[in-house]
Each structure stands twice: as C-alpha cells, then as structure tokens.
Amino acid sequence: MSLPEDVIQGSRLAISRLLTQVENNTPEGRQVLDFLFPYTGKAHLIGVTGPPGSGKSSLVNQLAKEYRQSGGAGGRTRQVGILAVDPSSPFSGGAILGDRVRMRDLAGDPGVFIRSMASRGALGGLSASTSAAAQVLDAAGFEIILIETVGAGQAEVDIARLAHTTLVIEAPGLGDEIQAIKAGILEIADIIVLNKSDQAGADAAERALRSMLELAHPLPHVFDSHHGTTVIQQVKETAGWITPIHRTIATEGKGISELIQWIAHHAKYLHDSTEWLRREHARWQATLDELLRESLVARWRSSVPEERYREIVQRMVARSISPWRAVDLLTDKKDA
Ligand SMILES: Nc1nc2c(ncn2[C@@H]2O[C@H](COP(=O)(O)OP(=O)(O)O)[C@@H](O)[C@H]2O)c(=O)[nH]1
Ligand SMILES: [Mg+2]
C-alpha cells in the first residue's frame, strides 16, 4: 500500500513518517496532503492555550483519557490526536519524570496519537505545519484533536483560527498574569477554564476573570451552578455563544467530564448556527493567503539576482531609498 492509504488506514508508522515530511515541508509531504484533503473535515479541533504552568498539558492528558474511556458526552469512545505546540510541554521530548508518569496513562493506547510540533522552522510556518499535521490526524480517523499551545501572543490567535473550539486555561497564583491577559485572549476563548481551583486564590482569580469578561462584553451574564462548580456565563454579543468560566483540578481529574460536556455543547452550537461554516471559511482563507504569500515570494525571489536584492537592501540601510521605494524597484524591475 502507498503512504496516503496507510495513513487513512491509521498506520501509526505511516502517520509518523508523513508528519515528519509535513514538518519539513517536503514536496512528497505536500503531495500526500493534497491526496488526503478530501478525507479531512471530520475532526473536532480543540485549541488549548494559556500561560505556562497553568496546567494545559495536565488537562490535555485528562481530556484524552476521558474521551477514550467514556467518549465524553456522546457516550462513544473516540480516537484522540494530540498536537503539542507548547515548547515547554512535557510532550516535547525533554520530559521530566513527573510528566512521564502523567503520560503513562495514554502511552500504549492505539487510539491516542501524540506529536509535538517543533517551534523552530520557518517564520510563521508553525501555524501552517500545525494545520497540516491536524489534517493528517483528521484523515487518519482521529475525531478529537487537541492542540496545546503556550499563550504567548500571535500563537494563540493563530491556533484559535485553526481550532473549532478554543479553551483558555488560567490558574490562580500566577501573580499579576491575570491582569496581563490581553483583551484578545478573551476574544478567542470559547470556554475559559480555571484550573488548579484547589489552590488558594481561586475565588479571586474567578472574580478577576469575570470582570475582564464583563469589560470585554458588557452584557448581562448568567450565574449557574453546575455539579457543585460555579459557572459564570457571559453573553457574547457577536457570536451568540455564552462563554463559561469552568473550574477544574486537572491533577485530580475533577471537572473534566463537565468540561467535555461544555466542549460538546460548543460543537453543537457551532453546527446549529452558521458559526462552524464561518470559521471554516475564515480558516481556509487564511491558509490560502499564507500559502499564496509563501509561494509568490519564493517564486519572485528565485527570479531576482541575489546581488540586485542585496544592493537594494544596502541602499535602504544607507537611507538612499525607502522600503516602499525598494518594493517598487524590485517588483517593477525598473532601473533606479
Ligand atoms: N495543585 C494543582 N496542580 C496542578 C493542577 N494541574 C496541573 N498542576 C501542576 O502544575 C504544573 C504544571 O502543569 P502542566 O500541565 O505542565 O502546565 P502547562 O505548562 O500549562 O502545560 C505541574 O506540576 C502539574 O502537576 C491542578 O489542578 N492543581
Ligand atoms: Mg504544557
């Protein structure tokens, strides 16, 4: 059998090999992706973002276990793919002992595939290769794909664009970090998870998060009591989705099945509204733009002599031409 067929059959070796090619952006990898594309679109992509140490990896582990054991809200076990983009993630090679212990529950389960994405590589290429890796797992039959990324600026926004559902993980006791959350992170949060709710300061953290939500979306909010966990809901005007703040204790597995219910609830909302389609459009348009940019720049660079390019840069450094003038000169190929 060929590599793409093996991937569709779910061969772990084939998936690993293809993911390596995808990460290295090889022509063969792109060819296989091209073949696999019609087989994608079935998976629910779940972004998990937030500051380092908030418990993203712990939660991803627990979510994967729960999806495998009970299948979550659907009652059907599903295959789970995990993509760890967080460079500090225990999935990314340099695992400390505690992280290995946590992961042992998942290792050896053929229904779970874990891959860490290198954060090195071409500038801006990480979101493209993460998207491609998600397509590989999607085509291979992984219906749930968890994508962990550290909340460090553009990365979480890119992941949010890639994911259907974005979880923003916060924890008490991360100092002033709660205040430092940009309004942007609340914009991308479909579900806010207050992890480590066993720790002191959980109530204060929840109040802080709630007031940030109120600032971002000044609309009436709903208080709800959910399995002993207070869930504060805030009406998000634009999307019509009520962003909950949900408490968990990842290390004890507390609040996990309820979190899976929230995720399922969100998926249902996306499908029942036009939001799923809207996000798909936004996602593929962004992908197309990125690929176009990459390909046009590469093609153009190969048509311009290296000395000419360096000369133009040199003239900018000497302030004899502006960057805008440089672009005009290089693209119009006019003499200057
Ligand atoms: N007390 C407590 N510790 C937790 C909880 N969740 C995770 N941790 C611990 O917090 C540390 C960081 O967790 P990790 O999942 O690696 O965070 P990440 O950097 O966001 O991926 C680890 O030592 C975990 O064992 C929790 O709910 N309560
Ligand atoms: Mg991590």
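Note that ligands are numbered from 1 as they come in the structure, with each ligand's atoms numbered from 1 the same way.
A salt bridge does not link Arg310 with Glu307: every distance from a Lys NZ or Arg NE/NH1/NH2 to an Asp or Glu carboxylate oxygen is 4.0 Å or more. Salt-bridge formation is not detected for the pair Glu294/Arg299: no Lys NZ or Arg NE/NH1/NH2 atom is positioned less than 4.0 Å from an Asp or Glu carboxylate oxygen. Between Arg247 and Glu206 there is a salt bridge, since a side-chain N of the basic residue sits under 4.0 Å from a carboxylate O of the acidic one. Salt bridge annotation for Glu311-Arg308: present, with a cationic side-chain nitrogen under 4.0 angstrom from a carboxylate oxygen.
Here is the list of ligand 1 atoms found below 4.0 Å of a heavy atom in Ser58: 7 (C), 13 (O), 14 (P), 15 (O), 24 (C). Of all the atoms in ligand 1, the ones that sit under 4.0 Å from a non-hydrogen atom of Lys56 are 15 (O), 17 (O), 18 (P), 19 (O), 20 (O), 21 (O). Every atom of ligand 1 with a heavy atom of Ser54 under 4.0 Å away is listed here by number and element: 20 (O).
Residue Ile249 has no N or O atom closer than 3.5 Å to an N or O atom of ligand 1. The shortest N or O to N or O distance between Thr248 and ligand 1 is not under 3.5 Å. The shortest N or O to N or O distance between Ser197 and ligand 1 is not below 3.5 Å. Polar contact with ligand 1: absent for Pro52 (N/O pair, distance under 3.5 Å).
Within the 4.5 Å cutoff, no side-chain heavy atoms of Glu148 are placed close to those of Ile169.
At a heavy-atom cutoff of 4.0 Å, ligand 1 is contacted by the side chain of Glu148 but not by its backbone. Contact annotation: for Asp198 versus ligand 1, heavy atoms closer than 4.0 Å belong to the side chain alone.
The N, O or S atom of Glu148 lying closest to the Mg ion (ligand 2) is OE2.
Exactly one residue among Trp241, Trp262, Trp276 makes a ring pair (Phe, Tyr, Trp, His ring centres under 6.0 Å) with Tyr269. That residue is Trp241.
A side-chain donor-acceptor contact under 3.5 Å links Gln62 to the backbone of Ala250.
Side-chain N/O atoms of Thr248 and Asn195 include a donor and acceptor closer than 3.5 Å.
The NE2 atom of His164 sits 13.5 Å away from the CD1 atom of Ile263 when rounded to the nearest 0.5 Å.
Here atom 10 (O) of ligand 1 lies nearest to Lys196 when heavy atoms of Glu252, Lys196, Arg247 are compared. For atom 8 (N) of ligand 1, the nearest non-hydrogen atom from the set Val48, Leu194, Val193, Thr251 comes from Thr251. The closest heavy-atom contact to atom 12 (C) of ligand 1, among the options Ala171, Pro51, Gly50, Gly53, comes from Gly53.
The nearest N, O or S atom of Ser58 is not closer to the Mg ion (ligand 2) than 2.8 Å.
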